[in-house]
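Side chains included, hydrogens not; waters and symmetry mates left out as well; all remaining heavy atoms used. In what follows, residues are counted from 1 in the order of the sequence shown.
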Amino acid sequence: MLDEDYQALLEELHETYKSFDEGTLPTYIPELSLVNPQDFGISLTLLDGRSFHVGHSQRTFTIQSMVKPFLYGIAMEQLGEEAVLERIGVEPTGDAFNTIKLQPKTHRPYNPMVNAGAIVLANLIQGDNHREKIVTIKKTLEDFSASDLGFDIRVYTSEKAMGHHNRAMAYLMLNFGILTGHVEEILESYFQACSFMVTTKDLAAMAATLANKGVNPLTQKEVMQPRTIKNIVCVMMTCGMYDFAGQWSYTVGIPAKSGVSGGIIGVVPGRMGISVYSPLLDETGTSVRGIRVFQELSRRLDLSIY
Ligand code: GLU
């Protein structure tokens, strides 16, 4: 497809869905409810490095749960697949992002895409303290996005102040020996990892690097091993959209991850990375315009992996 055709398609979808105002801003992290509900950006990066953007593709928002696939990759590359599997499963939950359910017998979180799993990842990632871990996480995200990322201290402070549900889960996992060390220190890494600032342009490049087996198509840098990428993309497909995963799989068919800030990243293996940002969310915490745009892109460009 020609550059003009990709650009025209994104512009058409942006025009069609910008008047959609269904959904609500999240309130459980108070700072996230202060964004402009009209924000709407779409970016698409092909594996030959061509990128297309429309709307608010340069607007920053916090990465939130879209950081989880990358945390999973870091932990697997540092500790090996087996060590990570011992502590976190790979089963979808059918439950919300903050489910308190752990797997029977092992007490592992069901998967690395729900909060409980990502909190264990924050525990597993190597580093003497949260500062060292955050340096590693930032460097990895920047290698994936090929850009320098900022940090939103207000969202981080807001989430930390209100994060008692995550705290409760962390203590439950500490009780079962799934977490080790100090809960507040572990949560510090988790909350900070969720507070890096990204644009759809950054996220599309990150998704394209996943689609390209770990080689960033903009820099040609090999960021992670193909085997790690396979594992990440697999859990994105089965678990990345929480309790919307089945419908997403059926209507979009692209491995993806949503974040409560209103972003979605989609990985089309061997073809492209896509990102949409619009902060109005449905009851599963997924961007409403994001779902529509992905459904239509999947249909029009025949992107479903099935
Ligand atoms: N930082 C958010 C939380 O822990 C992530 C949730 C999400 O983006 O789905 O609640």
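Listed for the Thr136 side chain is a donor-acceptor partner under 3.5 Å among the backbone atoms of Glu132. When atom types are taken as modelled, the side chain of His53 and the backbone of Leu44 share no donor-acceptor pair closer than 3.5 angstrom. In terms of modelled atom types and a separation under 3.5 Å, the side chain of His165 and the main chain of Asn98 share a donor-acceptor contact. Within the 3.5 Å criterion, the main-chain N or O of Gly214 finds no donor-acceptor partner in the side chain of Asn212.
Salt-bridge check for Arg108 with Glu86: failed, with every basic side-chain N at 4.0 Å or more from each acidic carboxylate O. Between Arg289 and Glu22, none of the side-chain N atoms (NZ, or NE/NH1/NH2) sits under 4.0 Å from a carboxylate O, so this pair counts as no salt bridge. One finds no salt bridge joining Glu142 and Lys139 here, because no Lys/Arg side-chain nitrogen approaches an Asp/Glu carboxylate oxygen to under 4.0 Å.
Taking the side chain as every heavy atom from C-beta outward, Ile264 and Trp248 approach each other to under 4.5 Å. Residues Ile100 and Leu172 are in side-chain contact: their nearest non-hydrogen atoms beyond the backbone lie under 4.5 Å apart.
The aromatic rings of Phe61 and Tyr277 sit parallel, their planes meeting at an angle under 30°, below the 60° perpendicular limit.
Neither side chain, Tyr190 nor Lys160, offers a donor N or O lying under 3.5 Å from an acceptor on the other. Side-chain contact, Thr200 with Ser43: a donor N or O sits under 3.5 Å from an acceptor N or O. Asn166 and Asn115 are linked by a side-chain donor-acceptor pair at a separation below 3.5 angstrom, with hydrogens and angles left out of the test. Residues Thr99 and Tyr242 bring no donor and acceptor atom of their side chains to less than 3.5 Å of each other. For Glu91 and Asn111, the side-chain atoms include no donor-acceptor pair closer than 3.5 Å. Residues Tyr28 and Glu159 have side chains that never bring a donor and an acceptor to within less than 3.5 angstrom of each other. Looking only at atom types and distance, the side chain of Asp152 has no donor-acceptor partner in the side chain of Thr62 under 3.5 Å away. Side-chain contact, Thr251 with Gln295: a donor N or O sits under 3.5 Å from an acceptor N or O. Checked by atom type, the side-chain pair Thr45/Ser51 shows a donor-acceptor distance below 3.5 Å.
Here the CD1 atom belonging to Ile178 is positioned 9.0 Å from the CD1 atom belonging to Ile88, to the nearest 0.5 angstrom. One finds the CG atom of Leu34 at 12.0 Å from the CD1 atom of Ile29 (value rounded to the nearest 0.5 Å). To the nearest 0.5 angstrom, Asp202 atom CG is 5.0 Å from Ser145 atom OG. A distance of 5.5 Å separates CG of Leu210 from CE of Met236, quoted to the nearest 0.5 Å. Between Ser261 atom OG and Ile63 atom CD1 the span is 8.5 Å, to the nearest 0.5 Å. The CD atom of Glu82 sits 14.5 Å away from the CZ atom of Arg87 when rounded to the nearest 0.5 Å.
By the 6.0 Å contact criterion, NE2 on His182 is open, its count of non-hydrogen atoms from other residues, nucleotides or ligands being 12 or less. Within 6.0 Å of CZ on Arg131 lie no more than 12 heavy atoms contributed by other residues, nucleotides or ligands. Within 6.0 Å of CZ in Arg50 there are more than 12 heavy atoms belonging to other residues, nucleotides or ligands. Atom NZ of Lys101 has more than 12 heavy atoms from other residues, nucleotides or ligands within 6.0 Å. Counting non-hydrogen atoms of other residues, nucleotides and ligands closer than 6.0 Å to CE of Met197 gives a total above 12.
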Practice item. Go through Thr238 and Val90 one step at a time and tell me if the side chain to side chain contact (heavy atoms under 4.5 Å, CB included) criterion holds. Key: CA-CA 8 Å; Thr238 52; Val90 289; over 6 Å; no
Run the side chain to side chain contact (heavy atoms under 4.5 Å, CB included) test on Phe97 and Gln64 for me, step by step, so that the C-alpha distance in whole Å, both residues' side-chain angles and the decisive distance to 0.1 Å come before the verdict. CA-CA 11 Å; Phe97 67 98; Gln64 296 298 336; over 6 Å; no
Test side chain to side chain contact (heavy atoms under 4.5 Å, CB included) on Met76 and Ile232 and set out the steps. CA-CA 9 Å; Met76 277 188 296; Ile232 296 173; 4.1 Å; yes
Side chain to side chain contact (heavy atoms under 4.5 Å, CB included) between Lys133 and Lys138: does it pass, once the steps are laid out? CA-CA 9 Å; Lys133 294 184 187 209; Lys138 181 169 192 280; over 6 Å; no
Full working for salt bridge (Lys or Arg N to Asp or Glu O under 4.0 Å) between Arg227 and Glu81
CA-CA 10 Å; Arg227 170 88 192 172; Glu81 229 171 286; 2.9 Å; yes
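Between Ala208 and Leu47 the shortest heavy-atom distance is O-CD2, 3.4 Å.
For an aromatic pair to be called close, the ring centres must be under 6.0 Å apart, and Phe191 with Tyr156 fails this. Phe144 has its ring centre less than 6.0 Å from the ring centre of Phe70.
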